[in-house]
Participant: 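Sharing a structure here in structure tokens format.
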Amino acid sequence: MGLPRGGYGETVPEGISASNFIRDIVAADRAAGKHGGRVVTRFPPEPNGYLHIGHAKSICLNFGLAAEHPGGVCHLRFDDTNPTTEDPEYVESIQEDVRWLGFDWGDHLYFASDYFERLYTVAEHLIRRGLAYVDSLSADEMRQYRGTLTEPGKNSPYRDRSVDENLDLFRRMRAGEFVDGAHVLRAKIDMASPNVNLRDPVLYRIRHAAHYRTGRAWPMYPSYDFAHPLSDAIEGVTHSICTLEFEDHRPLYDWVVAQAGTPDRPQQIEFARLNISHAVMSKRKLLELVENKQVAGWDDPRLPTLKGLRRRGFTPEAIRAFCEHIGVSKRDAVVEMQLLEHFIREDLNKQAARVMAVLKPLRVVIDNYPEQTSEELEAINNPEDASAGTRSIPFSRTLYVERDDFMEDPPKEFFRLAPGREVRLRYAYIIKCVGVTKDPGTGEIMELHCTYDPATKSGGPEARRKVKATIHWVSAAHAVEAEVRLYNPLLSADLSSISTDDDWMAYLNPQSLERLTGCQVEPSLRGAVPRSRFQFERLGYFCVDPDSRPDHPVFNRTVSLKDAWARLDKRQLSR
RNA sequence: UGGGGGAUCGUCUAGCGGUAGGACGCCAGCCUUUGGAGCUGGCUACCUAGGUUCGAUUCCUAGUCCCCCAGCCA
């Protein structure tokens, strides 16, 4: 399996690529020899936050496109044109996340801030050609002059300043002679345009702020609408792929790109951003969650950030498969969380070693099993992968089973353990429940007494005897105590269905995190390394959290197994 | 009421004038020492109304609904 790469000359066939409208455009352009037959894309984050799965869609699209075409390249460019929001921490984090996802930009790491001098030159060029002017309206006044969606704007009184005056003012802006907000550089396009983005957009604003890379070298900074198209042009990007909200910036993009003076002009193509049901995706809301301590941080496993998903136990392969599967279109879409879960289950089913872990332990004593002794049983590590081999697990007189696997008065659809009933202990024996010990005060079930049938041992003479259910267990004396964190949807409703955005926090699911302590896991899990992934048989996929310590293992549930019993249980069961 | 986009199973998506396909999900069954996985079968869709055409999801016209835009954010 080849990993998608951004370097020249590398092709990557990874699975089957479904067609989408952007793939079609790029392929057609290439076939037609447009852009000299090159394919150059870019992933252009602003380093002002952490990446989430929505970014993964864009990353997969851009790097994927480059990888699909011989000689294709995908750049990683930081669009760092706003010093007040950006931080090198994010630059690091974003690179780490893109790499973790499995992509490689090779030598093609760029920063818009590296182009500041060149951008400045283009701006002066625009001024000389009468295509840009220094405006001295206040922000408030500018808003008024801009008009509204239905009324045209009107020209600023400064719009007709001479080239010389503009040049002088602009140079003094650069020299730092003016305070923030005193002037801006605007493109001279059309204040009456029905597209408000064309009503003389701001190209430069004065901002006496230190930039994390250029420091105090610049007292003014280019806006996105100016820096982005030019950066694309400078880098020789052929296809500049962005999200739908930039659709009506495209005429401006083209206008700016035409000023770059580059032999080839990049083309902007827009697609719909990713939404996932019951997930918090907006930067603002994620920040709110983190700042209000509703979650443990940006890597909280309940968050759709790449760091959160990684800590949750997701694999890059599953995320890439998901991104490939959801496709690319221009419709506002909400993908169901179940689809993401499907892809992580599919991947982990193939990869993850099976182990036994009891989350809510109920003590079981096998009355007819000898005391002070134990035996080793052989267990299969992964039925999907014979090469994963086997391991041995200890069995003894006192065990733990899942409390949910016993019912004193079960409905007929329940075929696990109950008084007088038999079940198989996975890889061990068939046992029969012969007694229930309860707390005399509370009536709570404290312990089960069972008998075992030695002939039913796995591999033994009656091993093939059928019982209705097989349950997991651990030997009490050998088990390792662990903490297990279960995650449920962060939101109890779909944000897209909520009318007012203000009180979205009211929809936070108070049960989104369940911390289980006193769990009992099989001894092979002792010392499991952080981030390693397992299937806890019959329960789900779990990974070792970085919070784990040798004496205190902590597991995160990545996703539960599909559970036919849980489905039955939801419908009202007949007793 | 300006401009730019978008409407196909419950969800995501394919289709490019010729029987509307796939995936998730759901349902039923088989299998099973994970009520997992796997296997088999089934379920449900072209926003509306006109028109063009032998034939329209596709082309045309008129509507309807949804999203985005009035930062010196990106």
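All heavy atoms count here, side chains included; hydrogens, waters and symmetry mates do not. Order of the sequence lines fixes the chain letters, A, B, ..., with proteins taken first and strands second; residue numbering starts at 1 for each chain.
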Participant: May I ask you to evaluate whether Arg143(A) reaches the phosphate of C72(B), defined as a side-chain N or O under 4.0 Å from OP1 or OP2?
Facilitator: no
Participant: Does a distance-only test, which skips hydrogens and angles, find a donor-acceptor pair under 3.5 Å between the side chain of Asp248(A) and the base of G3(B)?
Facilitator: yes
Participant: Less than 4.0 angstrom between a side-chain N/O of Lys562(A) and OP1 or OP2 of G35(B), yes or no?
Facilitator: no
Participant: Check this for me: does the side-chain of Arg354(A) come within 3.5 Å of the base of U34(B) through a donor and an acceptor?
Facilitator: yes
Participant: Of the listed nucleotides (C12(B), C73(B), C27(B)), which one gets closest to any side-chain atom of Ala333(A)?
Facilitator: C12(B)
Participant: Regarding Arg426(A) and the six-membered ring of Trp473(A), is the cationic atom NZ or CZ under 6.0 Å from the ring centre and inside 45° of its axis?
Facilitator: no
Participant: Picking from G4(B), U34(B), A70(B), which would you name as closest to the side chain of Pro383(A)?
Facilitator: U34(B)
Participant: Indicate yes or no: does Asp453(A) engage Arg465(A) in a salt bridge with an N to O separation below 4.0 Å.
Facilitator: yes
Participant: Once you apply a heavy-atom cut-off of 4.0 Å, does Leu561(A) come out as touching a base, just sugar-phosphate, or nothing?
Facilitator: base
Participant: What's the closest nucleotide to the side chain of Asn197(A) if the choices are A74(B), U13(B), C69(B)?
Facilitator: C69(B)
Participant: Once you apply a heavy-atom cut-off of 4.0 Å, does Glu384(A) come out as touching a base, just sugar-phosphate, or nothing?
Facilitator: base
Participant: Would you mind classifying the nucleic acid contact of Phe246(A) as base, sugar-phosphate or nothing, using non-hydrogen atoms under 4.0 angstrom?
Facilitator: base
Participant: Any base atoms under 4.0 Å from Ser223(A), or only sugar-phosphate, or nothing? Heavy atoms, all strands.
Facilitator: sugar-phosphate
Participant: Just compare U34(B), A23(B), C73(B) and give me whichever is closest to any side-chain atom of Arg207(A).
Facilitator: C73(B)
Participant: Tell me whether the side-chain N/O atoms of Arg273(A) come closer than 4.0 Å to OP1 or OP2 in C68(B).
Facilitator: no
Participant: Assess whether one donor atom and one acceptor atom, taken from the side chain of Arg424(A) and the base of U33(B), lie less than 3.5 Å apart.
Facilitator: yes
Participant: Any base atoms under 4.0 Å from Val467(A), or only sugar-phosphate, or nothing? Heavy atoms, all strands.
Facilitator: nothing
Participant: Mind checking if Asn349(A) touches a base, just sugar-phosphate, or nothing, with heavy atoms under 4.0 Å?
Facilitator: base
Participant: Assign Thr243(A) to base, sugar-phosphate, or nothing according to its heavy-atom contacts below 4.0 angstrom with the strands shown.
Facilitator: nothing
Participant: Determine the contact category for Lys466(A): base if any of its heavy atoms lies under 4.0 Å from a base atom, sugar-phosphate if only primed atoms, P, OP1 or OP2 are that close, otherwise nothing.
Facilitator: sugar-phosphate
Participant: Arg146(A) side chain: which of G22(B), C26(B), A70(B) is closest?
Facilitator: A70(B)
Participant: Which range-with-range stems can be found for RNA chain B when each stem has 3 or more Watson-Crick or G-U pairs in a row and both distances sit under 3.5 Å?
Facilitator: B:2-7 with B:64-69, B:10-13 with B:21-24, B:25-30 with B:38-43, B:47-51 with B:59-63
Participant: Within less than 4.0 Å of OP1 or OP2 of C69(B), is there a side-chain N or O belonging to Arg199(A)?
Facilitator: no
Participant: Of the nucleotides A23(B), C72(B), U34(B), which has the atom closest to the Leu339(A) side chain?
Facilitator: A23(B)
Participant: Can you check whether any acceptor in the base of G5(B) is under 3.5 Å from a donor in the side chain of Glu270(A), or vice versa?
Facilitator: no
Participant: So does Arg538(A) get a side-chain nitrogen or oxygen closer than 4.0 Å to the phosphate oxygens (OP1/OP2) of G35(B)?
Facilitator: yes
Participant: Using a cut-off of 4.0 Å on non-hydrogen atoms, how would the nucleic acid contact of Met356(A) be classed: base, sugar-phosphate, or nothing?
Facilitator: nothing
Participant: Which part of the nucleic acid does Gln535(A) contact within heavy-atom distance under 4.0 Å: base, sugar-phosphate only, or nothing?
Facilitator: base
Participant: I want to check a possible cation-pi pair here: Arg174(A) against Tyr120(A), using under 6.0 Å from ring centre and within 45° of the ring axis as the test.
Facilitator: yes
Participant: Can you sort out which residues in residues 181-193 of chain A have a heavy atom within less than 4.0 Å of RNA chain B? Ascending by number, please.
Facilitator: Gly181(A), Val184(A)
Participant: So does Arg426(A) get a side-chain nitrogen or oxygen closer than 4.0 Å to the phosphate oxygens (OP1/OP2) of G35(B)?
Facilitator: no
Participant: Using the side-chain heavy atoms of Arg205(A), tell me which of these nucleotides is nearest: G35(B), C67(B), C73(B).
Facilitator: C73(B)
Participant: Is it the case that U33(B) (base atoms only) and Ser458(A) (side chain only) share a donor and an acceptor within less than 3.5 Å, ignoring hydrogens and angles?
Facilitator: yes
Participant: For a quick check of understanding: with a heavy-atom distance under 4.0 Å over all strands, which category does Glu46(A) fall into, base, sugar-phosphate or nothing?
Facilitator: sugar-phosphate
Participant: Check whether NZ of the Lys or CZ of the Arg Arg186(A) lies under 6.0 Å from the centre of the six-membered ring of Tyr133(A) and within 45 degrees of that ring's axis.
Facilitator: no
Participant: Looking across every strand, which nucleic acid part, if any, lies under 4.0 Å from Thr84(A) by heavy atom: base, sugar-phosphate, or nothing?
Facilitator: nothing
Participant: Any sub-3.5 Å donor-acceptor pair from Ser138(A)'s side-chain atoms to Glu141(A)'s backbone N or O?
Facilitator: yes
Participant: So if I take every side-chain heavy atom of Leu149(A) and compare against A70(B), U33(B), G36(B), which nucleotide ends up nearest?
Facilitator: A70(B)
